[in-house]
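Just below is one structure, and these are the notes that go with it.
In what follows, residues are counted from 1 in the order of the sequence shown.
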Amino acid sequence: MCTPTKRAQWREDLQHFRKDHGISKKVLLNCCLVRRIITWASPSPKDSVEDELELSAVRHRPEGLEQLEAQTRFSRKELQILYRGFKNECPSGVVNEETFKDIYSQFFPQGDASTYAHFLFNAFDTDHNGSVSFEDFVMGLSILLRGTVQEKLNWAFNLYDINKDGYITKEEMLDIMKAIYDMMGKCTYPVLKEETPRQHVEVFFQKMDKNKDGVVTIDEFIDCCQNDENIMRSMHLFENVL
């Protein structure tokens with residue numbers, strides 16, 4: 001449990017985390033996984049990431065701080081803040097799929113978040129070893145919060161490409177859409193009809209599959225998203241619940 005002094009320090013650190021690098025409070029707190037991680041963080045001025053990596057009894061330890069700084073768009077201080085929360089939430093040093101599902105079920109109790117959490121977990125688990133390390137977490141977060149449009153769309157394509165074969169099929173897109181609507185549950189206005197996800201997918205797919213070969217390539221996906229404002233908003237629906 002954080003003491004009042006630590007909570008005050010944490011709020012100050014979090015303000016700098018957002019202000020210094022242009023992250024709005026809405027964007028940061030819309031990310032459920034980040035919200036869960038940072039809630040557990042309790043920074044102390046005496047702490048250092050190097051000490052934590054040396055002394056923390058975890059089974060998986062992150063790469064060196066300099067390396068993560070070079071590979072992401074986070075500063076040393078930001079990585080320190082994120083790691084504190086990650087370590088407190090996940091003492092083993094890795095997140096498994098069940099933890100993902102637990103996090104999302106708590107933020108979306110009105111729906112079933114398990115399928116969406118499964119797809120999102122696979123998108124973060126870039127080496128497909130069944131767990132998400134701190135490195136995996138911050139690499140993905142760096143793209144989603146501070147990446148270029150191209151990088152964010154590449155990440156989104158990877159999420160929709162469920163079987164990772166380099167193409168998005170209509171069935172894959174429908175699976176993701178259904179998972180998002182299942183997670184949101186009945187608490188949407190206006191209430192969504194059962195056929196709504198399929199209708200949306202039909203519209204998206206017709207626009208994206210330019211050569212009508214039944215699949216969407218990454219080039220088709222990016223080109224279509226960048227040139228259609230409505231699709232950009234729709235295809236970024238997952239960002240609001242990440």
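Closest approach of Val94 to Cys90, counting heavy atoms only: O-CB, 3.6 Å. Minimum interatomic distance between Leu174 and Val201 (heavy atoms only, all atoms of both residues): CA-CG2, 3.7 Å. Contact detail for His118 and Lys101: the closest heavy-atom pair is CB-CE, 4.4 Å. The two atoms that bring Leu120 and Tyr104 nearest to each other are CD2-OH, 3.1 Å, heavy atoms only. The shortest heavy-atom contact between Gly147 and Glu151 is CA-OE1, 3.1 Å. Listed here is the closest heavy atom pair of Asn211 and Glu220: OD1-OE2, 3.2 Å.
With sequence neighbours left out, Asp125 forms a side chain to side chain donor-acceptor pair (under 3.5 Å) with no residue at all. When the side chain to side chain donor-acceptor pair (under 3.5 Å) test is applied to Asp175, no partner is found at least two apart in sequence or on another chain.
The closest side-chain heavy-atom distance from Thr126 to Met139 is not below 4.5 Å. A heavy-atom distance below 4.5 Å is not found between the side chains of Val138 and Phe86. A 4.5 Å side-chain heavy-atom check between Asp161 and Thr169 finds every atom pair outside the cut-off. Under the 4.5 Å side-chain criterion, counting only non-hydrogen atoms from C-beta, Phe204 is not in contact with Val216. The shortest distance between side-chain heavy atoms of Met177 and Arg198 does not fall below 4.5 Å. With a 4.5 Å cut-off on side-chain heavy atoms, Ile218 and Asn154 count as touching. You'll find the side chain of Asp182 stays beyond 4.5 Å of the side chain of Tyr116, heavy atoms only. Using a 4.5 Å heavy-atom threshold, the side chains of Phe74 and Leu141 count as touching.
Between Glu202 and Lys170 a salt bridge is recorded (basic side-chain N to carboxylate O distance below 4.0 Å). Ion pairing between a basic and an acidic side chain is recognised when a charged N comes within 4.0 Å of a carboxylate O; Arg146 and Glu78 show such pairing.
Rounding to the nearest 0.5 Å gives a distance of 9.5 Å between OG1 of Thr115 and CD1 of Ile176. From Ser105, atom OG reaches atom CZ of Phe100 across 13.0 Å, with rounding to the nearest 0.5 Å. In this structure, the separation between OG1 on Thr217 and CE on Met208 is 11.0 Å, given to the nearest 0.5 Å. The CD atom of Gln226 lies 6.5 Å from the CD1 atom of Ile222; values are rounded to the nearest 0.5 Å. In this structure, the separation between SG on Cys225 and CG on Leu153 is 5.5 Å, given to the nearest 0.5 Å.
In the hydrophobic clustering of this structure, Leu144 groups with Phe157; members are Ile, Leu, Val, Met, Phe, Trp, Tyr whose side-chain heavy atoms approach within less than 4.5 Å, directly or through other members. No single ILVMFWY cluster, assembled from side-chain heavy atoms under 4.5 Å apart, contains both Val215 and Val203.
The number of heavy atoms from other shown groups lying within 6.0 Å of OH (Tyr167) does not exceed 12.
Relative orientation of the Tyr160 and Phe221 rings is tilted, given thresholds of 30° and 60° on the angle between their planes.
Between Trp155 and Phe124, the ring centre distance stays below 6.0 Å.
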